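Presented below is the structure to which this report refers.
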2 protein chains.
Amino acid sequence: MAKTSQTAGLHRASLAKLHELDAALELMYYGWRGMTLEADGYLAKQGLSRPHHRILYVVARRPDIAIGALIEILGISKQALNRPLNLLLERKLLTSKRSPEQHRSKLLRLTEAGRRIEQRASDHERKVLRAAFDRVGATGAAGWVGVMEAIADNN
Amino acid sequence: MAKTSQTAGLHRASLAKLHELDAALELMYYGWRGMTLEADGYLAKQGLSRPHHRILYVVARRPDIAIGALIEILGISKQALNRPLNLLLERKLLTSKRSPEQHRSKLLRLTEAGRRIEQRASDHERKVLRAAFDRVGATGAAGWVGVMEAIADNN
DNA sequence: CTCCTCATGTCAACTATGTTGACTTGAGGT
DNA sequence: ACCTCAAGTCAACATAGTTGACATGAGGAG
């Protein structure tokens with residue numbers, strides 16, 4: 001047993017640093033993995049994955065969003081959205097109904113089951129973040145937010 | 001023109017926040033994108049992508065690494081490594097030679113061209129990080145590192 | 001010398017996630 | 001009746017990964 005660890009590739013700091021910022025670069029990589037690892041595991045147990053979670057996440061925060069707006073926010077083509085979206089509808093994690101006035105658009109909402117899965121998956125990610133913030137305190141957390149905002153706004 | 005923006009999906013903060021930590025969660029997502037966006041664009045112009053960069057990055061920091069060790073660090077199967085690795089060898093961004101004693105292993109090294117591409121791609125990422133660190137100062141940067149270490153160690 | 005091990009290499013089949021392009025459907029407005 | 005627009009669907013393709021099976025070639029053990 002124990003051929004290669006499940007978290008293969010996550011051997012932080014096993015590489016020489018060629019630049020001062022290499023450590024930060026690797027921290028971003030491993031940070032993303034660290035935040036999403038448990039959530040992805042949970043989603044896999046539900047037969048879902050990251051794209052499904054992204055859909056659920058957005059719809060949870062924009063009830064009655066139309067397909068076109070969802071496509072815009074996710075940044076993928078409607079064809080790419082099609083399969084995961086249909087799976088979520090089939091599994092009754094999402095409902096779609098036509099708008100009363102704007103009858104051309106379909107409006108998406110989470111069902112209770114969908115809301116539960118979205119919450120649990122996101123909770124796994126938030127749990128990791130909360131633990132990290134708790135460990136460094138308010139000042140450190142504020143620094144993290146400042147840095148991440150600067151990076152994120154690099155569009 | 002201007003059908004949908006190239007940075008589609010990167011409309012930060014267009015979503016309602018259901019939890020206090022939702023903003024942080026989204027910052028991680030957009031932060032990762034923000035850091036890798038330019039580097040991915042540069043790599044695409046070279047006919048390469050993220051997996052190629054990961055290989056170059058690791059080999060740059062572990063000259064004479066063997067295939068098996070590379071597989072371990074990257075956390076992918078040898079079959080998955082095969083194609084991008086062969087492309088890099090064909091394009092002479094990497095060289096492989098057999099070890100003098102350990103003749104069973106092949107040792108990988110970057111060529112000058114490979115080193116240049118690795119540096120430029122990583123520079124795009126480091127540039128974004130440096131700008132963010134500069135904007136928040138040493139205290140904020142230290143906070144960021146503390147938080148990211150806590151998250152990354154969540155294996 | 002033969003046999004076993006071990007690192008590497010390769011072939012095939014499959015899954016998942018995405019892309020473009022082309023076309024259909026169905027509702028609304030003119 | 002005609003046009004537009006949101007949505008849905010089909011096909012072909014690219015990329016990045018998986019497992020399984022098998023080949024090759026060097027070293028070590030007998």
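All of these numbers come straight from a predicted model, not from anything done at the bench. Note on naming: letters A, B, ... go to the chains in the order of the sequence lines (proteins, then strands), and numbering restarts at 1 for each one.
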Measure the distance from NZ on A:K97 to P on D:dA7 and round it to the nearest whole Å. 15 Å
side-chain contact (heavy atoms from CB on, under 4.5 Å) involving B:A80 - partner list, sequence neighbours excluded: B:I76, B:S77
Dot-bracket for DNA chain C, 5' to 3', Watson-Crick and G-U pairs with both distances under 3.5 Å, [ ] for crossing pairs, | for partner on another strand, reads ||||||||||||||||||||||||||||||
Would a 4.5 Å heavy-atom cut-off, applied to side chains only, mark A:T95 and A:L107 as touching? no
Does a side-chain N-to-carboxylate-O contact under 4.0 Å join A:R115 and A:E118? no
Ion pair A:R120/A:D123, N-O distance below 4.0 Å: no
Has B:S77 got a side-chain N or O lying under 4.0 Å from the OP1 or OP2 atom of D:dT18? yes
Taking N or O atoms only and anything under 3.5 Å, show me the protein contacts with nucleotides 14-17 of chain C, one pair per line.
unit_1	atom_1	unit_2	atom_2	d
C:dT17	OP1	A:S49	OG	2.3

So for atom CZ, which belongs to B:R50, do other residues, nucleotides or ligands contribute more than 12 heavy atoms lying within a distance under 6.0 Å? yes
Pairing of B:E20 and A:R126 as salt bridge, 4.0 angstrom limit: no
Could you give the CD-to-C1' distance, from B:E72 to C:dT8, as a whole number of Å? 15 Å
Could you tell me the separation between the CD1 atom of B:I65 and the P atom of C:dA7, rounded to a whole number of Å? 14 Å
What is the distance from CG of B:D40 to P of C:dG18, rounded to the nearest Å? 15 Å
Produce the list of close N/O pairs, under 3.5 Å, pairing protein atoms with atoms of nucleotides 8-13 of chain D; give distances to one decimal.
unit_1	atom_1	unit_2	atom_2	d
D:dG8	OP1	A:K106	NZ	2.5
D:dG8	O6	A:K78	NZ	2.5

Give the rounded distance in Å between these two atoms: CG of B:L107 and P of D:dA26. 15 Å
Do the side chains of A:L18 and B:R61 get nearer than 4.5 Å, heavy atoms only? yes
Not counting sequence neighbours, list each pair that qualifies as a ring-ring contact (aromatic ring centres under 6.0 Å, His included) and has a residue in residues 70-90 of chain A. none
Closest non-hydrogen contact found for B:S14 with A:I73 is OG-CD1, 4.4 Å
Taken to the nearest whole Å, CG/B:L74 to P/C:dT8 is 13 Å
Whether the A:H124 and A:T36 side chains hold a donor-acceptor pair (N or O, under 3.5 Å, no angle test) is what I'd like checked. no
Contacts of A:P51 meeting side-chain contact (heavy atoms from CB on, under 4.5 Å) (sequence neighbours excluded), chain-then-number -> A:S49
Using atom CD1 of B:I76 as one end and atom C1' of D:dT18 as the other, report the distance to the nearest whole Å. 11 Å
Report the distance from atom CG of B:L88 to atom P of D:dT15, rounded to the nearest whole Å. 14 Å
